[in-house]
Amino acid sequence: MNNDGQGRAEIAVIGGSGFYSFFGSDAEEVVVDTPYGAPSAPITLGEVEGRQVAFLPRHGRNHEYSPHTLPYRANMWALRMLGVNRVFAPCAVGSLVSEYGPGTVVIPDQLVDRTSGRSQTYFDEGGIHVEFADPYCPTLRKSAIQDSAIDGGVMVVVEGPRFSTRAESQWFARQGWTLVNMTGHPEAVLARELELCYAPIALVTDLDAGIESGQGVKAVDVFAEFQRNIEPLKALVRSAISDAPTGDCPTCRVHTGLTLPIELP
Ligand SMILES: [Zn+2]
């Protein structure tokens, strides 16, 4: 697909582990190719609360991709090719705060990058340095704070795919950080480079490494917990879409006036 795809959707949802579909079986499916290869899966298009929405399962429809092998650049580029300007990003997280138990939804306001070796920019030349002090769109975050969702928190993104050691988790918690995740970086910064509003919606599936004394994290428990909460999470995302602003975002249009070394879709 080329730029003819523009205008097919205005809002995207990137489903995390266990969140592999969003629309009914009659949803339109588009196969998108990008200069960075194919995204994790074909993208489905549908209408939610009167808004045109694109859905992309982050890990592929059958969880083919691990956090460290995900085609992050292709994913975000493909969404922008379809005309998307706002992205809600549900994800599974471990909690570093014992009060935020499994099932808690948190809308983080900060991230710490502990990944390594991931391609985290579209601008390998040209001296482009995007502002990232506040990594998430403030207005889109507000739309995501629905029901009992917690407003704010620091999400540390680890390389994975292994879970944290007990010492790592305790160290993260001592820094005052709130959540542990494996995919929030470079997704957020790539969104920023493409001038997309981006807000994570973090679902707590476990207490990371048991924090102090629990059993630590097992993948099977993470998936089971996500599955238990998938319908309420989808309802929250629908409400967030309904409340999402329209038009240009004054915060996330950071490139205006710059000459970019590549042409954005
Ligand atoms: Zn924005």
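For clarity, every value in this text was computed on a predicted model and none was experimentally measured. Quick note: numbers below take in every heavy atom, side chains included, and nothing from hydrogens, waters or symmetry partners.
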task = Decide, yes or no, whether a salt bridge links Arg80 with Glu10 under the criterion of side-chain N to carboxylate O below 4.0 Å.
result = no
inquiry  = If you define the side chain from C-beta out and look only at heavy atoms, does anything of Val180 sit under 4.5 Å from Ser164?
reply    = yes
key: Gap between atom CG of Asp109 and atom CD1 of Ile150 - 0.5 Å precision   = 12.5 Å
ask   = Should Asp151 and Lys142 count as an ion pair when the cut-off is N to O under 4.0 Å?
value = no
request  = Please work out which of the three classes, parallel, tilted or perpendicular, describes the rings of Trp77 and Tyr122, given edges at 30° and 60°.
outcome  = tilted
request  = Run through Gln120, Arg114, Glu159 and flag the one making a side chain to side chain donor-acceptor pair (under 3.5 Å) with His185.
outcome  = Gln120
key: Trace of the side-chain contact (heavy atoms from CB on, under 4.5 Å) decision for Arg86 with Ile241   = CA-CA 9 Å; Arg86 291 181 168 84; Ile241 289 169; over 6 Å; no
request  = State, yes or no, whether a side-chain contact exists between Val105 and Asp147 at a heavy-atom distance under 4.5 Å.
outcome  = no
ask   = Are any of the side-chain heavy atoms of Thr205 and Pro102 separated by less than 4.5 Å?
value = no
key: Basic-acidic side-chain contact under 4.0 Å: Arg192, Glu131   = no
task = Determine whether the aromatic ring centres of Phe123 and His129 lie less than 6.0 Å apart.
result = no
key: Flag for Arg118-Tyr72: side-chain donor and acceptor within less than 3.5 Å   = yes
query = Under 4.5 Å between any side-chain heavy atoms of His68 and Thr115, yes or no?
reply = no
ask   = Strictly by modelled atom types, are Glu193 and Thr121 linked by a side-chain donor-acceptor pair under 3.5 Å?
value = yes
request  = Report the relative orientation of the aromatic rings in Phe55 and Phe23; use parallel for angles under 30°, tilted for 30 to 60°, perpendicular for over 60°.
outcome  = perpendicular
